[in-house]
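What follows is one structure encoded as structure tokens, with my remarks underneath.
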Amino acid sequence: METQIFDKSELDKAVDLLAKGELVAFPTETVYGLGAIATNEKAVKGVYAAKGRPSDNPLIVTVADEAMMEKYAKEVPQRAKKLIEKFWPGPLTILLFAKEGALPTAVTGGLKTVAFRCPDDQLTHDLIAKLQFPIVGPSANTSTKPSPTTAQHVYHDLKGKIAGIVDGGPTRVGLESTIIDLSVETPIVLRPGEITPEQLSEALGEEVLINTGKVADKDIPKAPGMKYRHYAPSAPVVIVDDPDDFAKVEYTEQVGVMALGSILKQIDLPEQNKFNLGENLVQADHNLFNGLRYFDDKANIKQIFVQGFDEGQTSLAYMNRLSKAAAGHHFEK
Ligand code: TXA
Ligand code: MG
């Protein structure tokens, strides 16, 4: 299959392909998603196959607006309305009980809940509005690889496996959406993202828990995807929590470093061994996955040292993704 890349003037071609049950990747403000019409079981199964994703890891349902969501949710509680009012369209995924029989079980992995997301991206909004059906939207990467923040990343992973990619340029945030579960008594953040638990708690006017992995149910992990290996480049990743420790690393030609520009310039390594995360945490969020992919393509790099951040709730999302990429390894010396 030849994978076509569409620009914004060719949106109708992407709509036609989706309507026929083909797979088309699309931009969002967080990362690129892999779309298929959510009501078409065969198309949805194709998404698992293209990504190499385990079938018990349910998919996000991407909607154009709240009205579209209402057709697939059992009910939309007051809490959800508050969050939608404040944060949609935007990088917040909301877990609600599913309307029975409205979506194929392949979407929900057999769970009673569905994850709804309404991205802040005009192209994708228009795509779904024209299609008149929601599309599933897992990140458009090969399973275990870093999520794609450009159309080129998607092409790298999925060329020949999907019909098309809508190219909306690099994504703004760079890390996936915050996921909040509203199907439980006390709302709980299952995956941190740009929107922090504090912001959610303020909008709701009530306590919001954070899933540290310990709060989860004994049997089913609350966000099934979180149990899988993720974001991992081929070379092992080590987190450097204290910027002063970059001076203690033993640098060789086989070492890669990802850090803020101010730190990189003090490190004596060839430019190709360095990846600049930018000037601050917001830019580091934006660049993290791109950097992990950069080193993944370099066979000579055997170890990657990546700067950690400790900036309260605003660094939760970055550290969550980085910890997964590093399998929990921190620099110690
Ligand atoms: O920013 C995002 O959310 C991106 C863009 C493309 O929208 N999408 C994304 O999808 O990150 P994905 O599939 O890579 O991650 C979704 C996570 C997975 O960990 C999955 O297990 C969890 O959401 N999830 C989906 N449905 C769920 C459900 N019903 N209950 C619990 N977790 C669910
Ligand atoms: Mg993903």
Side-chain angles (χ1 to χ4, degrees), residues 24-36 38 44 47-48 50-63 72-74 87-99 103 105-121 124-125 127-128 134-151 153-154 157-158 165-166 168 171-184 188-195 211 213 216-217 220-232 285 289 317 320-321 324-325:
V24 177
F26 59 93
T28 81
E29 78 282 44
T30 58
V31 302
Y32 275 73
L34 179 54
V44 170
V47 168
Y48 286 92
K51 281 180 59 70
R53 179 172 175 121
S55 61
D56 64 344
N57 188 4
L59 304 178
I60 285 178
V61 172
T62 320
V63 294
Y72 303 92
K74 190 170 172 199
F87 297 109
W88 274 16
L92 178 68
T93 296
I94 301 178
L95 232 78
L96 298 177
F97 285 110
K99 183 178 278 178
L103 290 164
T105 48
V107 173
T108 56
L111 298 175
K112 286 202 161 68
T113 52
V114 190
F116 290 103
R117 160 126 160 84
C118 179
D120 184 17
D121 186 287
T124 291
H125 172 273
L127 179 81
I128 301 171
I135 56 179
V136 293
S139 49
N141 51 299
T142 299
S143 207
T144 81
K145 288 295 170 195
S147 294
T149 57
T150 64
H153 292 162
V154 180
D157 281 15
L158 300 177
I165 303 169
V166 177
T171 62
R172 179 180 67 79
V173 181
L175 301 177
E176 306 88 339
S177 61
T178 305
I179 303 180
I180 187 164
D181 188 352
L182 296 182
S183 74
V184 286
I188 179 166
V189 170
L190 302 183
R191 179 177 73 183
E194 184 183 57
I195 296 171
N211 187 0
D217 270 2
I220 308 168
K222 293 295 289 185
M226 303 306 274
K227 75 180 180 215
Y228 296 108
R229 183 167 179 265
H230 242 117
Y231 313 122
D285 284 352
F289 289 152
N320 170 271
R321 306 317 188 271
K324 287 198 161 56

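In listed order, ligands and their atoms are each counted from 1. For clarity, every value in this text was computed on a predicted model and none was experimentally measured.
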Does T142 offer a backbone N or O that forms a donor-acceptor pair with the side chain of D157 under 3.5 Å?
yes

Ligand 1-proximal atoms of T62, by part, heavy-atom distance under 4.0 Å:
neither

Using a cut-off of 2.8 Å, find all protein N, O or S atoms closer to the Mg ion (ligand 2) than that distance.
S139 OG

Check each atom of ligand 1 against the heavy atoms of E176 and keep those under 4.0 Å away; list them by number with element.
1 (O), 2 (C), 11 (O)

Are any side-chain N or O atoms of T105 and backbone N or O atoms of G110, one a donor and one an acceptor, separated by less than 3.5 Å?
no

Distance from F87 atom CZ to T93 atom OG1, nearest 0.5 Å?
13.0 Å

Nearest 0.5 Å please: distance from the CD1 atom of I180 over to the CG atom of L96.
10.5 Å

At less than 4.0 angstrom from any non-hydrogen atom of I60, what atoms of ligand 1 do you find?
3 (O), 8 (N), 9 (C), 10 (O), 16 (C)

S177 side-chain N/O to P91 backbone N/O, donor-acceptor pair under 3.5 Å
no

Sidechain-backbone polar pair: R117 side chain, P89 backbone, donor-acceptor under 3.5 Å:
no

Does any non-hydrogen side-chain atom of I128 lie less than 4.5 Å from one of F26?
no

Say whether G137, considering both its backbone and side-chain N or O atoms, lies within less than 3.5 Å of an N or O atom on ligand 1.
yes

What atoms of ligand 1 come closer than 4.0 angstrom to any heavy atom of L111?
28 (C), 29 (N), 30 (N)

Below 4.0 Å, non-hydrogen atoms only: which portion of R53 touches ligand 1? Side chain, backbone, both or neither.
side chain

Sub-3.5 Å donor-acceptor pair from the side chain of S139 to the main-chain atoms of N141, do we have one?
no

The reported gap from CG in D56 to CG in L111 (rounded to nearest 0.5 angstrom) is 9.0 Å

Under 3.5 Å: donor-acceptor pair, side chain of R321, backbone of E176:
yes

Using a 3.5 Å distance criterion without hydrogens, assess whether the side chain of Y32 forms a donor-acceptor pair with backbone atoms of G168.
yes

Within ligand 1, which atoms have a heavy atom of Y32 less than 4.0 Å away?
6 (C)

Using a 4.0 Å cutoff against the non-hydrogen atoms of P138, which atoms of ligand 1 qualify?
10 (O), 12 (P), 13 (O)

Test item: R53 side-chain N/O and P58 main-chain N/O as donor-acceptor pair under 3.5 Å:
yes

Hey, does T108 sit under 4.0 Å from ligand 1 if you only count heavy atoms?
no

Donor-acceptor pair between T124 and T28 side chains, under 3.5 angstrom:
no

So, regarding R117 and ligand 1 (criterion: nitrogen or oxygen to nitrogen or oxygen, under 3.5 Å), is there a contact or not?
yes

Indicate, as side chain, backbone, both or neither, the part of T30 found under 4.0 angstrom from ligand 1 when only non-hydrogen atoms are considered.
side chain

So if I count the atoms of ligand 1 from 1 in the order they appear, which ones are less than 4.0 Å from some heavy atom of I179?
17 (C), 23 (O)

Enumerated ligand 1 atoms positioned under 4.0 Å from heavy atoms of G33
6 (C)

Out of all atoms in ligand 1, which are within 4.0 Å of some heavy atom of N57? Include the element for each.
18 (C), 20 (C), 21 (O)

Determine, considering heavy atoms only, which of S139, S147, P58, G193 sits nearest to atom 9 (C) of ligand 1.
S139

